[in-house]
Each structure stands twice: as structure tokens, then as C-alpha cells.
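Numbering starts at 1 and runs along the sequence shown.
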Amino acid sequence: MTAKNSAEIIKALRKREGLTINKAPEKTNTEENNVIEIEQELPERAIKKVSPYAPVSSQAVTPLGFEITEQGIYFVPANEEKPKILICHEPIFITGRYENMTDGTEGLTVSWFQDNRWKTIKRSKDNFMIQSKLVELSALGFPVNTINQRLMVQYLTAYERENTSTIPLQKASEQMGWLEDGFLLGNKFIGEQEVTFVSSDKGEEQFSKSYHEKGSIQEWISLIARIKDFPKVIAGVYASFASPLVHIFNTKTFIFEWSGETSKGKTISQRVAASVWGNPDESGILKKWNNTPVAIERLASLTNHVPLFLDDTKQAYAKNVASTVYNLAGGQGKGRGSIKGMQITRQWKNIVFSTGEQVITAFSKDGGTAARVIPITGLPFGKADDETFLIVKQLERGIKRHYGTAGKIFIEFLLDNKDQWETWQEMFEQKDIFYAERAKGNTIASRLAEYFALIDMASVLFKKCFNLQWDNKPLLSLWDEIILENEDIDRPKQALEAVMSWIHSEENRLFVRDGETKFKPSDCIGKWNEDKDEDLCLYTIKLENFLQTQGYEPGAIIKSWIEREWLKCDKGRTKKKVSVKGTKEWMYVIKIECIESL
């Protein structure tokens, strides 16, 4: 190839690739001599010789058996008598490789030139190496179809094989949060390493882009200062900052919920909490409860250590809410099979935010769920008048202009003070004890103490990070209110009250003294003396069936009763042998003192 022809090709490709032709600065050598010099430094089949502005290394080469020209990519048969076969008109190159830290798989970044610009797709490797999966990328503009898919796979395979050493290798993750001594927030990694976000579909990619910064951090703090004396609102902001601490302090996932009448401040409270991390809107990081359980599970896994925000339980199917709340609080998705075995189970350790007219614990009577929900009921701003309306309007306008910066700064603060993590852990444990003791024996509130201590710890670190001198009184008053409210959601106690109501309405179905009964023996539900001053004995199947019909999980309720020592049990058992008409029967035995204390 002559220098003249080479220069003409470069000029043609510049025009094809939509690039401006700039005059080179005057040098001692001519432009043609410069081109010759560049060509001599490149490998024999260097891609840069044909496409100088391709986003590849200068050492990248056209794979054997293929040819790249101005007209496109060709397959070249080994038999020289056979004609070349055009694969596609667009130049296509593998411009990156990545190791997926989430599941250990590998992926590729593939770029192609179309519509006067370079386009890029980042997907797991199998999407490019399996014909049926590759052709699905045509919907994203990738130049593949059912005709050229076989040769395209061959080209990409050959390209990777010959250029592995020249293709940059990165680490990537399908989950946000703590990774490699840093933190992945949306598409940005906060830390010294380089980790990129990789999505499995366009929806997740769009969602991740919502974690970006806008406006001024000073203006955002000024907005938050206006709500610092509203306990039910500022606690949500602190809880938002607490989500990354779940991993640091090795606590469990829990749910922070605002519930009550519509249009009374729940959603704006949640938006303010969401503004810590990104765009606090439905088009951003705020999602609706009317997503499918699988979609919500994927969102929880994707956010991982970043809070997940779900709005309005009323829009969701009630049964789905109950099961989804249980899964979210458990921090782990459902196990699912694959063609060859089991899929990787999705996990997360974050704080999930929710809003709704109905308290979320009302969707399920499982006692364990109630102990994983921080319930904020009533009016978040204390009242609903003109003054409150003005505050809400100011907040709505403000967080549309200023969001996303505080979370990034907070993560940087945590990383800069990593040597303090052990000290902070001790402070957190002390706060846990403090809040548990303040609960004064309230079983549910005592279990919530750990989560509230985490929120308190986040408030301390938030103020330290931004050098704020706000007091802690709002949190203390809110905790006292939560203690009172949780007396009403003591599931084991509620279940026992329901059982006793059932027993009093079905007295004629109980064996009495001397084994006598007024009902058919086969329909009897248990045994109790006539004066009802001894322990109540109930057949296992009858009690379990009743609890289930009332929406309780029998196993969980019985376990709670045993832990509270409400049942008499034989050693190592949940039941006790009871004599009924001369026959020993396994029965649940409820202590009379527990019944009398209701």
C-alpha cells in the first residue's frame, strides 16, 4: 500500500466515522512520511491501519480468516477459490472484558460504528457466543440477524482469541454497595480500585443511572435542616444513611415504613430520604409496590447495600405484599432451579423503605415480620395545615434541584475513617443496649432496638460528616412512640387472645373433668376443667389449623409461646403428654397464669 493510498483511506474513514479532518501541525516530515512511520510501528494485520480511530489498542489485529475493510467485515474461506462472505457493513470490535464479581461469570464490551458514532453493549459472554442469545441483541441495534448470526459468533470468538492481551480487563458487579475496599453507587465506584456496574437488561441499566448528583450539597443540607425537628421525617433521612452501615455492623435487613392517611406527607418523607442517593422520583430510584415480587426481589439484590424505596402498598396485590415483605426482611430471594441445577440465590443487606395507608405488618400475621419493621404511623409533619403544606411544597421543589451528593460524600467519609469502624461498632452496641432497656420488656420493641440503634448511629456519623450540631431529642421521642405502638402488634399475644376467644365460643367441644364431654369425642378440640382454673390442653392439629385459618404461621407462634414460657412441654418437645379418658395424648398445654394475664 502506497503512502498516498494509505492517507486517502484514513481520510475516507474519518469521513465515514463522522470525525472532523484537522490539519496536522507543520513538522519537518511530510504527512505521507508520518503515515508510513505509523504503519511501520503497527502489527501486520493491525486494525488501526484500516480504522485509525477505532476504540481498540494499536496492537489489536484482524483475526485470521476474516477481513475488515471500508465496506465491512468479511469471512475469508480457507479455499482461495471461494468468494469472501460479507458478515455486516459495520466495523465491530471487542473493546473490553470484565469479571462479574456477583456470580463469577465473564462478560464482554462490544462496540460497533453506526449512525456516525460508536455504540456499545456490555453483556455476559454467553450473550455474544451463543447464536440464539446473540440475535436477541438486534433489538438494541447490534448488526446481527438470523442470516449472519453464525458467522458473527465465529468472528467474535476469533477476535477475542487473537486479541485477549490487548483487550482491557475490568472488574464489574451486578450489585451496588461495598466491593473491593470501595462502594459502587450506580455507575460510579467510590474507592481506589476500578469496578464498573454491569446490568442484565436495559431496565436495570436505566435504574442505575438514576444514582447521580444534581445541585448543591449546601442547599440540600439547608432543606434537611428545615425538617430536623420533625422526628418522623428526619428519622427517615438518618435511616437512609444507615443502609451502608448494615454491612459494616453486620446487622440484618429491615423495613422502615410510613403508614397512614393519603396525602398527609408519607411520600414526600420518602422522597427526602431517597434524595440522599439519587433522583427521588418515580422515573428515578423511587419504585412502586405494584411491581411483581420477582421484580422487587431483583431491585433489592441490585441495590444490595443501598436503600430500596417502594411507594404505596395499596397499589399491590395484598397477598404479594405479605410474601414480599417476608422475603425482603429475610435479605434473601427464593431459590430457583436452572436447566443444570440451581440458580445463584440473590441476597442483599440494606434498608427497605415503604409507604402505604395500611400498616405493612397488617398484611401478614407472622410475628417475625413485625419484629423487622420500624413503623412510623400518623402524620409525619405532626399536622396537616397551611404551614405544613408550605414546608412540603418547599421540600418538593428543593429535592428536585438538589439530590444525590450527600450519599457519595457520606461513603467517602466512611472510607476515609475506616480505622474508626471498630470504635463505631462499640458505640452502636451500646446504643443497642440503651434502646432495648428503654423498651421496658416490650418483646417486639426490644427486637427493633438493634435497628433503631443503627439509625441513631447513622445520625451521629451524618452530623460528624457534615459538621452539624443537631440534638438527638427527636429520635428519643420517636422511639418512645414506637414502643407504645408495638404493644398493639405483639403477634404471639394477639394469637393467644384469638385462641381464647375461639375456646370460649366452643366450650361445648372441650373435654371436662373425668373425661366427660357434651360433644362428639371426634370433634373435641381439647381438655379444660369446669372451673377453668387449670392449664388448657389443646389437640395439636386442632390448634394449628385454627391458627392457620386466622392468618398466623403456627410454627412461629408456637415457638414464640415456648420462648416466653407460656406452654408446658415435655423435655425436648413442644408438646406434653396428657391423659384423656385413660389415654395419653400429645397436646399443647397453655399455662393458666398466662391465660389469666390476658
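Asn279 and Lys209 share no donor-acceptor pair across their side chains, judged by distance under 3.5 Å alone. The closest side-chain donor-acceptor pair between Asn100 and Glu174 falls under 3.5 angstrom. A side-chain N or O of Thr102 and one of Ser173 form a donor-acceptor pair less than 3.5 Å apart. Gln548 and Glu544 are not linked by any side-chain donor-acceptor pair at a separation below 3.5 angstrom, with hydrogens and angles left out of the test. Between the side chains of Asp385 and Thr388, a donor-acceptor pair is found at a separation under 3.5 Å. For the residue pair Ser275 and Trp220, a side-chain donor N or O sits within less than 3.5 Å of a side-chain acceptor on the partner.
The number of heavy-atom neighbours closer than 6.0 Å to CG of Asp419, taken from other residues, nucleotides and ligands shown, is above 12. Within 6.0 Å of the NZ atom in Lys287, the count of heavy atoms belonging to other residues, nucleotides or ligands exceeds 12. Shown here is Gln358, whose CD atom has more than 12 heavy atoms of other residues, nucleotides or ligands within 6.0 Å. Residue-environment remark: NZ (Lys188) stays at or below the threshold of 12 foreign heavy atoms within 6.0 Å. Remark: Glu596 CD is packed, more than 12 non-hydrogen atoms of other residues, nucleotides or ligands lying under 6.0 Å away. Counting heavy atoms of neighbouring residues, nucleotides and ligands inside a 6.0 Å radius, atom CD of Glu429 exceeds 12 of them. Annotation for Glu396: atom CD counts as buried by contact number, over 12 foreign heavy atoms lying within 6.0 Å. Heavy-atom contacts from other residues, nucleotides or ligands closer than 6.0 Å to NZ of Lys288 number more than 12.
With respect to Ser216, the side-chain hydrogen bond (donor to acceptor under 3.5 Å, both in side chains) criterion is satisfied by exactly one of Glu219, Glu213, Gln218: Gln218. Of the options Glu593, Lys493, Lys591, a side chain to side chain contact (heavy atoms under 4.5 Å, CB included) to Trp566 is made by Lys493 and by none of the others. Put simply, the residue from Ile455, Ile351, Asn250, Leu454 that forms a side chain to side chain contact (heavy atoms under 4.5 Å, CB included) with Leu245 is Leu454. Here the options are Trp348, Tyr451, Phe452, the test is ring pair (Phe, Tyr, Trp, His ring centres under 6.0 Å), and the partner is Phe254; only Tyr451 passes.
Closest approach of Trp479 to Leu448, counting heavy atoms only: CH2-C, 3.9 Å. In terms of heavy-atom proximity, Leu547 sits nearest to Ala495 at CD2-CB, 4.1 Å. Across every non-hydrogen atom of Phe189 and Leu179, the tightest pair is CZ-O, 3.2 Å. Here the shortest heavy-atom pairing between Phe428 and Glu450 reads CE1-O, 3.5 Å.
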Ile595 vs Trp528, side-chain contact (heavy atoms from CB on, under 4.5 Å): CA-CA, chis, key distance, verdict:
CA-CA 12 Å; Ile595 296 173; Trp528 206 9; 4.2 Å; yes
Under the salt bridge (Lys or Arg N to Asp or Glu O under 4.0 Å) rule, what do Lys532 and Glu507 come out as? Steps first, then yes or no, please.
CA-CA 11 Å; Lys532 299 182 177 57; Glu507 286 186 21; 3.4 Å; yes
May I have the step-by-step check of side-chain contact (heavy atoms from CB on, under 4.5 Å) for Lys171 and Glu180, ending in yes or no?
CA-CA 10 Å; Lys171 290 185 177 181; Glu180 293 286 318; 3.4 Å; yes
Step by step, would you call Phe241 with Leu461 a side-chain contact (heavy atoms from CB on, under 4.5 Å)?
CA-CA 9 Å; Phe241 282 107; Leu461 297 179; over 6 Å; no
Using side-chain contact (heavy atoms from CB on, under 4.5 Å), reason through Tyr403 and Ile285 one step at a time and then give a plain yes or no.
CA-CA 11 Å; Tyr403 58 76; Ile285 65 176; over 6 Å; no
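Remark: Lys440 NZ to Arg438 CZ distance equals 7.5 Å, nearest 0.5 Å. Here the straight-line distance linking atom OG1 of Thr253 with atom CG of Leu328 works out to 8.5 Å at 0.5 Å rounding. How far CD1 of Ile541 is from CD1 of Ile525: 13.5 Å, rounded to the nearest 0.5 Å. The line from CZ of Phe183 to NZ of Lys408 is 13.0 Å long, rounded to the nearest 0.5 Å. Distance check, rounded to the nearest 0.5 Å: CG of Leu475 to CD1 of Ile482 gives 9.0 Å. Note that the NZ atom of Lys266 and the CD1 atom of Ile376 stand 13.5 Å from one another [nearest 0.5 Å].
Inter-residue side-chain proximity for Ile590 and Leu567 is flagged as met; some heavy-atom pair is nearer than 4.5 Å. With a 4.5 Å cut-off on side-chain heavy atoms, Thr267 and Trp258 do not count as touching. A heavy-atom distance below 4.5 Å is found between the side chains of Val352 and Leu310. In this structure the side chain of Val237 reaches within 4.5 angstrom of the side chain of Ile227, judged on heavy atoms.
Aromatic ring orientation, Tyr238 versus Phe462: tilted (interplanar angle from 30° to 60°).
The backbone N or O of Phe381 lies less than 3.5 Å from no partner atom in the side chain of Lys232, so there is not a single donor-acceptor pair. The main-chain N or O of Asp570 is never found under 3.5 Å from a side-chain atom of Lys575 such that the two would form a donor-acceptor pair. Under a 3.5 Å cut-off, the side chain of Ser459 and the backbone N or O of Asp456 do form a donor-acceptor pair. A distance-only check finds a donor-acceptor pair linking the side chain of Asn529 to the backbone of Asp533 [under 3.5 Å]. Of the possible donor and acceptor atoms, none in the side chain of Arg447 sits under 3.5 Å from a partner among the backbone N and O of Ala371. Judged by distance alone, the side chain of Lys228 and the main-chain N or O of Ile234 form no donor-acceptor pair under 3.5 Å.
We find that Lys473 and Asp471 are not joined by a salt bridge, their nearest charged nitrogen and carboxylate oxygen being 4.0 Å or further apart. Salt-bridge check for Asp281 with Arg271: passed, with a basic side-chain N closer than 4.0 Å to an acidic carboxylate O. Electrostatic pairing of Lys576 and Asp535 does not count as a salt bridge here, judged by no charged N lying under 4.0 Å from a carboxylate O.
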Would you mind writing out the side-chain donor-acceptor pairs for residues 299-306 within the sub-3.5 Å range, not counting sequence neighbours?
{"unit_1": "Ser301", "atom_1": "OG", "unit_2": "Gln175", "atom_2": "NE2", "d": "3.2"}
{"unit_1": "Ser301", "atom_1": "OG", "unit_2": "Arg346", "atom_2": "NH1", "d": "3.4"}
{"unit_1": "Thr303", "atom_1": "OG1", "unit_2": "Leu299", "atom_2": "O", "d": "2.9"}
{"unit_1": "Thr303", "atom_1": "OG1", "unit_2": "Ala300", "atom_2": "O", "d": "3.1"}
{"unit_1": "Thr303", "atom_1": "OG1", "unit_2": "Asn350", "atom_2": "ND2", "d": "3.2"}
{"unit_1": "Asn304", "atom_1": "ND2", "unit_2": "Met176", "atom_2": "O", "d": "3.1"}
{"unit_1": "His305", "atom_1": "ND1", "unit_2": "Trp178", "atom_2": "N", "d": "2.9"}

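For Trp424 and Phe413, the gap between ring centers is short of 6.0 Å.
The side-chain contact (heavy atoms from CB on, under 4.5 Å) search around Ser240 returns Ala273, Val276, Trp277, Pro307, Phe309, Phe353, not counting sequence neighbours. In this structure, Lys571 has no side-chain contact (heavy atoms from CB on, under 4.5 Å) partners at least two apart in sequence or on a different chain.
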